[in-house]
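One structure is given here, and the rest of the page talks about it.
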Amino acid sequence: MKLAGVELRRIRMPLVTPFRTSFGTEVDREVLLVRVFGDEVEGWGECVAAAGPLYSAEYVNGDEQVIRDFLLPRLPADVTARGLGAVFEPVRGHPMAKAAVEMAVLDAELRLSGMSYAAYLGATRTRVPAGVSVGIMDSIPELLDAVAAYLQQGYARIKLKIEPGWDLEPVRAVRERFGDILLQVDANAAYRRADLRHLAALDPFGLLLIEQPLPEDDLLGHARLARALTTPICLDESIVSARAAADAITLGACSIVNVKAGRVGGYLEARRIHDLCAAHGVPVWCGGMLETGLGRAANLAFAALPGCTLPGDVSASDRYYTRDLTEPFRLADGLMSVPSGPGLGVAPLPDILHEFTERTDVVRLP
Ligand code: NPG
């Protein structure tokens with residue numbers, strides 16, 4: 001596929017409520033959109049890097065520079081999504097930057113061929129159950145109100161963000177109030193090896209999993225924790241590639257894997273991780289990074305793969321934004337529909353895109 005250029009567009013989307021995690025509070029999302037275009041072809045990508053390097057080393061301004069100065073100059077005259085892995089390999093790190101370009105190229109390619117992301121990735125379902133991620137709150141009553149509202153809306157699974165000082169009590173309170181719901185927790189690497197006994201105190205609550213309790217590079221610590229706890233360990237930040245997933249599974253560092261395309265360099269690597277986990281009988285679920293409707297469309301396609309056997313962090317548009325960038329994704333009977341049109345199957349709504357845009361740069365390709 002021949003591309004004429006790439007548009008790098010910065011938008012800012014206010015969140016419906018601030019989202020607090022162990023690494024900070026997001027009030028709005030600063031998003032970098034990548035639009036590739038050529039003769040009668042266009043494709044959209046969304047960079048999931050946040051404003052600051054707090055979830056991982058990446059941040060959106062850095063990724064914008066990496067895309068402009070190091071990734072786009074490497075694009076060959078004939079671009080294919082499948083070829084990008086090798087093309088981008090010399091550039092170290094920056095998986096979210098690489099994933100954003102790949103997402104746009106794949107969207108353009110699939111639009112041309114009339115195939116959906118879901119069909120391309122190998123999805124086997126047209127609707128998927130939706131989970132919701134609930135941030136750290138100021139008080140337990142506030143948390144219980146938030147969880148009650150999400151359950152009422154039909155979310156199939158609740159994930160609580162935890163950190164030292166906000167873990168056992170919120171989990172106990174949610175279990176006591178809502179009984180036998182699908183419940184899991186996410187620590188975003190907020191604990192250390194010395195916290196093993198404290199984390200074991202979560203075992204009696206029958207959680208589906210505990211996600212990324214220890215730092216990203218501590219696979220051995222996670223393996224020890226996995227042996228000591230009955231709660232299954234799920235890894236997120238540690239799983240940066242299919243090889244990292246294979247290592248973690250071999251070491252016994254996790255028995256469940258969260259996949260986020262941005263974290264692993266794109267949907268093609270995400271698919272490889274899915275396949276590897278499926279071959280090992282390790283359940284996978286689709287993580288979320290507060291994406292707009294663009295990223296959500298691609299995540300829904302991924303979440304519909306057969307190995308994604310647990311509900312993902314793919315919530316309805318109104319959980320994040322009053323007005324989404326695309327036609328809003330809605331929850332119906334606890335399920336989200338997987339887009340079936342060509343490519344992502346969705347595109348930004350022009351007036352909303354215009355309203356949220358802060359600046360746009362166009363890079364012409366040779
Ligand atoms: O539903 O998109 C969503 C949010 C899910 O909790 C969620 N994401 O650590 O997984 C995470 C967290 C996150 C959000 C991470 C934003 C990084 C940025």
Side-chain angles (χ1 to χ4, degrees), residues 13-32 46-60 63 95-96 99-100 128-137 143 146-147 150 153 155-163 166 170 183-191 208-216 234-240 254 256-264 270 284-300 302-303 308 310-321 324-325 328-329 331 336:
M13 304 269 294
L15 290 168
V16 284
T17 51
F19 184 60
R20 184 170 150 204
T21 64
S22 60
F23 58 84
T25 304
E26 303 273 333
V27 177
D28 47 24
R29 257 197 86 217
E30 287 183 42
V31 188
L32 167 63
E46 172 173 350
C47 181
V48 293
L54 304 176
Y55 164 81
S56 74
E58 281 183 279
Y59 63 103
V60 68
D63 273 2
M96 296 176 189
V128 293
V132 62
S133 174
V134 186
I136 293 167
M137 308 252 164
L143 173 73
V147 172
Y150 287 134
Q153 288 163 43
Y155 284 104
R157 177 229 72 190
I158 300 289
K159 156 167 143 179
L160 303 182
K161 290 289 193 180
I162 60 166
E163 65 181 1
W166 181 265
L183 183 64
Q184 64 192 55
V185 294
D186 182 6
N188 286 113
Y191 296 87
L208 272 176
L209 58 91
I210 175 170
E211 187 180 350
Q212 198 69 41
L214 305 178
E216 171 183 329
C234 170
L235 290 178
D236 170 1
E237 286 90 326
S238 297
I239 308 297
V240 294
C254 66
I256 300 174
V257 169
N258 163 320
V259 176
K260 292 173 178 162
R263 195 193 64 224
V264 304
V284 167
W285 56 279
C286 182
M289 305 273 283
L290 309 172
E291 289 89 347
T292 72
L294 290 174
R296 192 155 315 283
N299 281 348
L300 281 164
F302 181 83
C308 291
L310 293 170
D313 283 342
V314 276
S315 312
S317 291
D318 65 2
R319 180 257 173 268
Y320 310 96
Y321 305 109
D324 205 339
L325 205 53
F329 285 92
L331 194 59
M336 304 268 293

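Every value quoted in this text rests on a predicted model; they were computed, and no experiment measured them. One-based numbering, in listed order, for ligands and for the atoms of each.
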Return the closest protein heavy atom for atom 10 (O) of ligand 1 as residue, atom name and distance. Lys260 NZ, 2.7 Å
Nitrogen or oxygen of Arg319 less than 3.5 angstrom from that of ligand 1: no
Does some side-chain heavy atom of Arg319 sit less than 4.5 Å from a side-chain heavy atom of Phe19? yes
Part of Lys161 within contact of ligand 1 (heavy atoms, under 4.0 Å): side chain
What protein heavy atom sits nearest atom 6 (O) of ligand 1, and how far away is it? Ser133 OG, 2.7 Å
Taking 4.0 angstrom as the limit and counting only heavy atoms of Asp236, give me the atoms of ligand 1 inside it, by number and element. 10 (O)
Between Asn188 and ligand 1, which residue portion shows a heavy-atom distance shorter than 4.0 Å: side chain, backbone, both, or neither? side chain
Could you check if a side-chain atom of Met96 sits within less than 4.5 angstrom of a side-chain atom of Ser56, using non-hydrogen atoms only? yes
Is Arg296 salt-bridged to Asp313, cutoff N-O under 4.0 Å? no
Per-atom filter on ligand 1: closer than 4.0 angstrom to a heavy atom of Tyr320 are 1 (O), 2 (O), 3 (C)
Within the 4.0 Å heavy-atom shell around Asp186, which atoms of ligand 1 are there? 9 (O), 10 (O), 11 (C)
Hey, looking at atom 8 (N) of ligand 1, which of Gly262, Gly288, Ser315, Gly295 has the closest heavy atom? Gly288
Touching ligand 1 at all, Leu290? Heavy atoms, strictly under 4.0 Å? yes
Does the side-chain contact (heavy atoms from CB on, under 4.5 Å) test come out yes or no for Asp318 and Val16, once each step is laid out? CA-CA 8 Å; Asp318 65 2; Val16 284; over 6 Å; no
For ligand 1, the portion of Asn258 having any non-hydrogen atom under 4.0 Å away: neither
Hey, is Gln212 one of the residues with a heavy atom under 4.0 angstrom from ligand 1? no
For ligand 1, is Lys159 a contact, meaning one of its heavy atoms is under 4.0 Å away? yes
Is it the case that the side chains of Gln212 and Ser238 hold a donor-acceptor pair, with the cut-off being a distance below 3.5 Å and no angle test? yes
Please determine whether a side-chain nitrogen of the Lys or Arg among Glu291 and Lys260 lies less than 4.0 Å from a carboxylate oxygen of the Asp or Glu. no
So for ligand 1, is Glu211 a polar contact partner (N or O within less than 3.5 Å, distance only)? no
Are more than 12 heavy atoms, taken from residues, nucleotides or ligands other than Phe23, located less than 6.0 Å from that residue's CZ atom? yes
Taking all non-hydrogen atoms of both residues, which atom of Pro311 and which atom of Ala130 are closest, and how far apart? CB-C, 4.4 Å
Is the shortest side-chain heavy-atom distance between Trp285 and Leu209 below 4.5 Å? yes
Any side-chain heavy-atom pair of Arg263 and Asn258 under 4.5 Å: yes
Which residue and atom name correspond to the protein heavy atom nearest atom 15 (C) of ligand 1, and how close is it? Tyr55 CD1, 3.6 Å
Based purely on interatomic distance, does Arg296 place a nitrogen or oxygen under 3.5 Å from a nitrogen or oxygen of ligand 1? no
